[in-house]
Q: 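Mind looking over this structure? Questions follow.
Hydrogens, waters and symmetry mates are skipped; everything else that's a heavy atom, side chains included, is used.
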Amino acid sequence: MEQKIRIAIDGPAAAGKSTIAKLVAGRLGYTYIDTGAMYRAMTYKALRAGIDLDKASEVEALLPGTEILLKPGPDGQTVILDGEDVSGVIRTAPVTNGVSAVSAHAGVRSYMVAEQRRMAREGGVVMDGRDIGTAVLPDAELKVFMTASVDERARRRHLENLARGFESDLGLLAEEIAVRDKKDSERAVSPLVRAEDATLLDTTDMTIAEAAEAIIRLAQGRAD
Ligand code: DC
């Protein structure tokens with residue numbers, strides 16, 4: 001494949017986007033960009049500042065001077081917020097539960113979208129998120145909308161948590177995922193919605209390898 005294209009992968013929480021996007025990026029020699037990590041880092045910053053996450057003006061006041069860097073590392077991607085490695089803490093429950101509020105603010109979104117476009121300028125990227133195909137890279141060469149049933153997504157998150165060494169309640173996880181889906185889909189600014197020209201990939205009954213393979217095949221078709 002000669003041309004280095006931009007691949008946008010959107011979809012609801014825990015559909016397997018990041019795992020599959022990472023695999024695809026590795027296979028194609030592309031850069032993986034986890035945009036959810038950027039909203040998570042901002043949420044962590046706001047929580048630490050002790051402000052009300054629902055107050056747009058207070059959250060947005062923190063944006064100037066904020067630096068979020070995504071660095072490829074041996075264990076996946078390292079997330080650096082204002083010089084500090086926050087890769088672990090941004091996956092904890094307080095951040096996960098607060099991120100929908102922070103990512104709903106228009107000022108936060110425009111700041112992140114500008115950063116994300118800058119990161120994708122050179123091509124050769126696999127970017128995952130909620131609004132990549134619709135708002136960040138509307139002219140991406142390949143757009144995929146990845147879904148899986150709520151129960152399957154809860155099961156995957158549960159296994160992921162176990163692998164990280166903590167227990168979780170499967171029923172509660174399913175509820176939290178459904179709530180986050182609803183918030184992400186119903187927000188006024190850039191709601192989670194499938195781009196018209198995105199290929200729908202339902203991974204409920206697919207393995208990670210099968211889903212990655214499907215995207216690589218699509219990418220090969222687009223880059224020719
Ligand atoms: O993919 P994730 O679970 O790490 O994303 C965390 C949250 O960030 C998710 O609830 C919605 C938000 N998000 C967003 O609004 N737009 C993106 N491009 C990526 C994530």
Q: Side-chain contact, heavy-atom cut-off 4.5 Å: Lys17 with Phe145?
A: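 Result no, sub-4.5 Å side-chain heavy-atom pair not found.
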Q: Could you check whether any side-chain heavy atom of Asp128 comes within less than 4.5 Å of a side-chain heavy atom of Asp10, counting everything from C-beta outward?
A: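 Asp128 vs Asp10: side chains apart.
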Q: Would you mind reporting whether Leu70 and Met38 have side-chain heavy atoms less than 4.5 Å apart?
A: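 In short, these two side chains touch, coming nearer than 4.5 Å.
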Q: Can we say Glu160 and Arg156 salt-bridge, meaning some charged N sits less than 4.0 Å from an Asp/Glu carboxylate O?
A: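 No, this pair does not count.
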Q: Check this for me, if you would: do Lys55 and Glu60 make a salt bridge, where the nitrogen-to-carboxylate-oxygen distance has to be below 4.0 angstrom?
A: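 No, this pair does not count.
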Q: Determine the minimum heavy-atom distance between Asp82 and Gly65, stating which atoms define it.
A: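 Looks like OD1-O, 3.7 Å.
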Q: Given side chains that start at C-beta, do those of Glu152 and Arg155 come closer than 4.5 Å, heavy atoms only?
A: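 Answer yes - side chains close enough.
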Q: Pick one: which of Leu137, Val136, Val108 meets side chain to side chain contact (heavy atoms under 4.5 Å, CB included) with Val113?
A: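 One option only clears the test, and that one is Val136.
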Q: Please round to the nearest 0.5 Å and tell me the distance separating atom OG of Ser168 and atom NE2 of His158.
A: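 If I round to the nearest 0.5 Å, the distance is 5.0 Å.
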Q: Can Asp34 and Arg40 be said to form a salt bridge (charged side-chain N to carboxylate O under 4.0 Å, His left out), step by step?
A: CA-CA 10 Å; Asp34 173 1; Arg40 286 173 179 272; over 6 Å; no
Q: Would you say Tyr44 and Leu81 make side-chain contact, with heavy atoms under 4.5 Å?
A: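 Answer yes - side chains close enough.
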Q: Quick check for you: to the nearest 0.5 Å, what is the distance between Glu58 atom CD and Asp52 atom CG?
A: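 The distance works out to 6.0 Å.
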Q: Atom CE in Met146, atom CZ in Arg194: separation rounded to 0.5 Å?
A: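 If we round to the nearest 0.5 Å, Met146:CE and Arg194:CZ are 13.0 Å apart.
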Q: Quick test of your reading of the model: are Arg153 and Asp181 salt-bridged, counting only N-O distances below 4.0 Å?
A: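 Asp181 and Arg153: salt-bridged.
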Q: Taking the side chain as every heavy atom from C-beta outward, state whether Met112 and Ile68 have any pair of such atoms under 4.5 Å apart.
A: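 Side-chain contact under 4.5 Å: yes.
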Q: Say you draw a straight line from CD of Gln220 to CZ of Arg222; how long is it, rounded to the nearest 0.5 Å?
A: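 It is 12.5 Å, given to the nearest 0.5 Å.
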Q: Would you compute the distance between atom CG of Leu201 and atom CD1 of Ile20 and round it to the nearest 0.5 angstrom?
A: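 Between Leu201 CG and Ile20 CD1, I get 7.0 Å after rounding to 0.5 Å.
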Q: Taking NZ, NE, NH1 and NH2 as the nitrogens, is one of them in Glu176 or Arg180 under 4.0 Å from a carboxylate oxygen of the other?
A: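 Between Arg180 and Glu176 there is no salt bridge, as every charged N stays at least 4.0 Å from the carboxylate O atoms.
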Q: Count the heavy atoms of every other residue, nucleotide or ligand shown that sit under 6.0 Å from CG of Leu170, and state whether that count exceeds 12.
A: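 Yes, the 6.0 Å shell around CG holds more than 12 heavy atoms from other groups.
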Q: Are any of the side-chain nitrogens in Arg6 or Glu141 under 4.0 Å away from the carboxylate oxygens of its partner?
A: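 Yes, Arg6 and Glu141 are salt-bridged.
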Q: Just wondering, more than 12 heavy atoms not from Asp139 lying within 6.0 Å of its CG?
A: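 Yes.
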Q: Taking everything shown except Arg27 itself, do over 12 heavy atoms lie less than 6.0 Å from its CZ?
A: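 No.
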Q: Can a salt bridge be assigned to the pair Arg109 and Asp131 using a cut-off of 4.0 Å between side-chain N and carboxylate O?
A: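 Result for this pair is yes, salt bridge flagged.
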Q: Using a strict cut-off of less than 4.0 Å between a Lys/Arg side-chain nitrogen and an Asp/Glu carboxylate oxygen, indicate whether Asp197 and Lys143 qualify as a salt bridge.
A: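 Yes, this pair counts.
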Q: How many angstroms lie between atom CG of Leu53 and atom CG of Leu47, to the nearest 0.5 angstrom?
A: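 Interatomic distance, Leu53 CG to Leu47 CG, rounded to 0.5 Å: 5.0 Å.
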